[in-house]
Amino acid sequence: MSILEGLNERQYEAASHLEGPQLIIAGAGSGKTRVLTHRIAHMIKECGIDPFNIMAITFTNKAAGEMRERVDRIVGEGCEAVWVMTFHATCVRILRRHIDHIGYDNNFTIYDSDDSKSVMREVFKKLNIDTKYLKEATVLRAISNAKDECLGPNEYAENYGRQYDKREIAQAYELYQRTLKDNNALDFDDLIRLTVALFKRCPEVLEIYQNRFKYIMVDEYQDTNDAQFELVRLLASKNKNLCVVGDDDQSIYKFRGANIKNILNFEEHFPGAKVVKLEQNYRSTQNILNAANAVIKNNRGRKNKELWTDREDEELVHFNVYPSGRDEASEVIDQIERMKRRGVADFGDFAILYRTNAQSREFEEQLVRRNIPYYLVGGVNFYSRREIKDLLAYLKTIDNARDDLAVKRIINVPKRGIGATSIEKVSAFAESNGMGFFEACALAEEVPGLNKAAVKVSGFVDQIAEFRDCLVKEGMTAALKKIISVTGYYEEIKNSDEDDAEDRLANIDEMISTLQQFENEHPEGNLSQFLEEAALVSDLDSTDEDSSRVLLMTIHSAKGLEFPIVFLCGMEDGVFPGYMSINSGNDEDIEEERRLAYVAITRAKDILYISAARGRMVRGETSYNPVSRFVREIPEELLSEDGDDTKGYLDYSRSRASEPERYSSIPKSVDIEKAAASGIFKKNAMAALSGESKRKPVFEKKPEAPRQPVVLKKAGEMKFGKPDYEVGDRVMHIKFGEGTVLAIEKAARDYQVTVNFDMAGQKIMYAGFAKLQKC
DNA sequence: TAGTTGGGTTTTTTT
DNA sequence: AACCCAACTA
């Protein structure tokens with residue numbers, strides 16, 4: 001058994017067990033990809049299993065690519081037939097063959113979230129929904145959640161349609177879905193949901209895949225949602241050779257539908273499952289692991305697990321508190337520069353992690369100022385940038401003009417003098433004649449009321465024809481170049497005064513080379529294939545993470561990665577855990593954040609720096625928050641402080657947190673005089689306000705500070721008066737019904753009211769917003 | 001039709 | 001603070 005030789009005992013156990021359901025609980029850094037790839041290689045090379053019968057499903061293209069590459073390397077020839085793909089790519093592949101069984105056309109298009117939003121905007125218009133009352137994003141989120149649970153419009157209406165504000169959502173869902181259907185389009189969630197629907201409605205199709213995929217593996221199983229679970233369950237239900245790998249402690253995607261119960265209840269879903277735990281960590285020092293273990297053990301809903309390592313290196317976890325977010329950023333970068341200068345590490349060894357994208361700014365500013373190379377992960381994906389989406393829309397239109405959305409996107413880009421009213425007229429004409437939008441454009445002369453605009457529309461149609469001609473005669477890249485030059489797209493950006501014009505031009509060049517590369521690699525390929533690939537790929541394979549740059553990213557995007565030196569920043573209650581999760585009053589939300597903290601800590605291989613700021617600008621207001629509870633959960637003997645009074649502040653945060661108290665979403669306001677009088681603010685806040693805060697901690701000894709997080713704001717801006725009810729009163733809410741007022745607290749611009757509703761439970765709301773009626 | 005201004009909102013991300 | 005959207009004005 002040579003392939004499995006290098007594995008440790010547990011890993012070996014997991015990789016060699018092939019028949020029947022298996023759950024591999026793989027702690028952070030425990031070598032799960034290694035187990036998966038070696039398991040596949042072992043099956044093919046040593047057990048004579050046909051690669052044709054194996055399937056491995058991942059969440060990201062990156063993970064799929066990595067796994068494919070590693071399997072290729074171990075197995076060599078003969079493993080091409082293995083399906084190693086993302087959930088979405090797998091489903092597209094299946095649907096392209098069989099979706100006609102459930103009434104779609106096999107050459108459906110895939111809408112990304114941008115497209116979905118445009119559709120929803122139209123839906124809102126048609127249904128006359130006031131965006132002040134209900135937002136597109138809210139409805140889209142609701143629909144996405146419904147789809148994650150495999151609920152179609154009808155089921156949704158049945159389940160929720162009678163609830164107060166769900167009726168409109170149900171209607172919007174219905175129309176949204178019909179619009180997609182009319183455009184022969186699927187959104188990302190449909191890809192999964194409709195594959196499940198297909199399998200359920202056509203057992204003969206399901207059987208094809210059950211017979212083919214006798215061995216199924218799923219990576220990052222803790223991230224699966226209900227629809228994905230159902231998909232996997234159906235596929236595996238015949239042969240039952242399902243091997244899932246995951247870590248319940250790293251489940252951090254609840255907000256996008258991941259259901260942690262899928263992994264927690266695996267043994268009930270698949271009776272007789274073998275469970276293997278991988279707890280040996282090959283990444284971090286024991287101190288870092290101890291810190292991670294100490295934090296995560298505060299979660300209740302989890303499989304017990306403790307990471308350990310052979311490593312001896314015993315540097316403590318650094319923890320520092322700085323006066324402001326800006327100080328935090330500059331100190332962190334100082335530290336990076338120092339270590340680089342001393343030759344301890346290269347820029348590429350550092351990663352700066354934070355909870356929210358907004359926190360990247362201060363770090364970026366510092367890095368730019370000091371000329372340190374960095375790479376900011378996140379932001380806008382390549383294929384969702386405006387200029388790229390425009391060009392893709394052109395390509396879609398010349399490929400087949402069936403995607404109305406794409407045509408509408410570019411009909412006036414660059415400006416051709418075709419405005420919203422003209423588009424509306426063409427649209428109405430198309431609808432009443434049962435034709436596509438582009439077909440209607442071609443008949444511009446016959447569209448009533450277009451008048452002068454008809455010439456412009458025809459001009460656009462002619463241009464598209466010209467591009468099509470070029471596509472046929474000279475190929476895809478040539479056509480793209482022609483689009484860019486003939487429409488004057490390049491010039492328009494160049495002459496614009498936007499300050500990211502240069503970036504956008506560079507993106508266009510990048511797009512040209514991407515298409516050129518595709519053409520080189522797929523001489524037989526066509527535009528449709530390229531567009532499909534683009535639809536399922538969010539970003540270009542990032543240029544191999546240029547190994548000499550400091551990396552900046554959210555903790556979410558750091559999942560699955562590791563770095564020699566990690567700075568975990570913004571560790572304050574209200575920031576991380578975020579105020580949303582603190583306020584929801586739902587323990588599960590805090591547990592999710594705690595898992596996020598666990599992910600963050602376990603990214604560090606050698607050195608971990610944790611930091612917090614006493615005060616920080618959040619959405620234009622300075623808020624003062626205590627040190628994150630997650631830091632307080634780390635035993636002090638694991639921490640070392642570099643600054644003067646970090647420990648004092650930590651103790652102080654601890655003492656303050658020992659009283660049961662809730663932090664408000666917008667920290668409570670205090671008038672500036674009172675704040676100044678209470679000591680902490682005097683120096684701290686004044687310094688922060690004047691932008692001259694010193695990097696040394698402000699207090700020498702035990703600080704005296706307000707009992708609660710506090711925001712400094714321009715004094716005297718109370719928007720709403722005190723409500724007419726008091727603690728203990730019975731009140732009525734339009735949605736939640738009757739309840740008892742538990743607390744009323746003064747907040748930044750309003751009063752914050754905690755109410756225990758008879759039906760809906762405890763909620764926190766703003767008095768001015770909730771309009772509670774005393775009863 | 002197109003550019004400007006003001007008001008309201010604000011986690012996390014993949015496909 | 002920054003961004004997006006809608007309404008307003010030239």
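None of these values were measured; they are calculated from a predicted model. By convention in this document, chain letters (A, B, ...) are assigned in the order of the sequence lines, proteins followed by strands, and residues within each chain are numbered from 1. What you see below is based on every heavy atom in this structure, not just the backbone, and it leaves out hydrogens, waters and symmetry mates.
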message = Expressed as a whole number of angstroms, how long is the span from Asp187(A):CG to dT15(B):P?
response = 16 Å
message = Of the listed nucleotides (dT11(B), dT15(B), dT13(B)), which one gets closest to any side-chain atom of Arg355(A)?
response = dT11(B)
query = Out of dA1(C), dT12(B), dG3(B), which nucleotide sits closest to the side chain of Arg619(A)?
reply = dA1(C)
message = Does Asn357(A) reach a base, just sugar-phosphate, or nothing at all? Heavy atoms under 4.0 Å.
response = sugar-phosphate
message = What is the separation between atom NZ on Lys254(A) and atom C1' on dT14(B), rounded to the nearest whole Å?
response = 19 Å
ask   = When we call it a touch if two heavy atoms are under 4.0 Å apart, what does Ser422(A) touch: a base, just sugar-phosphate, or nothing?
value = sugar-phosphate
note = Walking DNA chain B from its 5' end, the first of Ile423(A) and Ser581(A) to be reached, judged by nearest nucleotide, is Ile423(A)
query = Quick one: Asp130(A) CG to dA6(C) C1', roughly how many Å, whole number?
reply = 11 Å
task = Rounded to the nearest angstrom, tell me the gap between atom CD in Gln222(A) and atom P in dT13(B).
result = 17 Å
message = By nearest atom, which of the nucleotides dT15(B), dT13(B), dT12(B) is closest to the Thr86(A) side chain?
response = dT15(B)
ask   = In whole angstroms, how far is the P atom of dT13(B) from the CG atom of Leu353(A)?
value = 12 Å
key: Touch class at under 4.0 angstrom, heavy-atom based, for Lys135(A) against every strand present   = sugar-phosphate
query = Any side-chain donor-acceptor pair under 3.5 Å between Asp248(A) and Gln222(A)?
reply = no
query = Hey, is Phe255(A) doing a stacking thing with dT12(B), by the 5.5 Å centroid and 30° angle criteria?
reply = yes
message = Please report the distance, rounded to the nearest Å, between CG in Asn145(A) and P in dT12(B).
response = 17 Å
message = I want to confirm an ordering. Mapping His556(A) and Thr60(A) to their closest nucleotides on DNA chain B, which one lands closer to the 5' end?
response = His556(A)
ask   = Going by an N to O cut-off under 4.0 Å, is there a salt bridge joining Arg616(A) and Glu328(A)?
value = yes
inquiry  = Under 4.0 Å, heavy atoms only, any strand: does Gly417(A) hit a base, just the sugar-phosphate, or nothing?
reply    = sugar-phosphate
task = Output yes when at least one side-chain N/O atom of Asn412(A) is less than 4.0 Å from OP1 or OP2 of dA2(B), else no.
result = yes
Sidechain N-carboxylate O distance under 4.0 Å for Asp226(A), Lys147(A) = no
query = Are Asp148(A) and Arg193(A) close enough for a salt bridge, meaning some N to O gap below 4.0 Å?
reply = no
ask   = Using the P atom in both, what is the distance from dC4(C) to dT13(B), to the nearest Å?
value = 16 Å
query = Is Phe87(A) touching bases, backbone alone, or none of the nucleic acid, heavy atoms closer than 4.0 Å?
reply = nothing
query = Counting just side-chain N and O atoms, does Asn381(A) come under 4.0 Å of either OP1 or OP2 of dT13(B)?
reply = no
inquiry  = Checking contacts here: which listed nucleotide (dT13(B), dA6(C), dT15(B)) is nearest the side-chain heavy atoms of Leu536(A)?
reply    = dT15(B)
ask   = Under 4.0 angstrom, heavy atoms only, what part of the nucleic acid is Arg361(A) near: base, sugar-phosphate, or nothing?
value = sugar-phosphate
task = Between dA2(B), dT11(B), dT14(B), spot the one nearest the side chain of Lys415(A), thanks.
result = dA2(B)
request  = With sequence neighbours excluded, tell me which residues meet ring pair (Phe, Tyr, Trp, His ring centres under 6.0 Å) with Phe87(A).
outcome  = Phe59(A)
inquiry  = Using whole Å, what does the distance between atom C1' of nucleotide dT13(B) and atom OH of Tyr383(A) come to?
reply    = 19 Å
key: Lys/Arg-Asp/Glu bridge criterion (N-O < 4.0 Å) met for Glu532(A), Arg96(A)   = yes
query = For Lys117(A), which contact category applies under a 4.0 Å heavy-atom criterion: base, sugar-phosphate, or nothing?
reply = sugar-phosphate
inquiry  = Salt bridge check, Lys32(A) against Glu220(A): does any charged N sit closer than 4.0 Å to a carboxylate O?
reply    = yes
Out of dT1(B), dT15(B), dT12(B), whichever nucleotide has its closest atom nearest the side chain of His88(A) = dT15(B)
Side-chain N,O (Ser113(A)) to OP1/OP2 (dT15(B)) below 4.0 Å = no
ask   = Which one, dT12(B), dA1(C), dT15(B), comes nearest to the side chain of Met617(A)?
value = dA1(C)
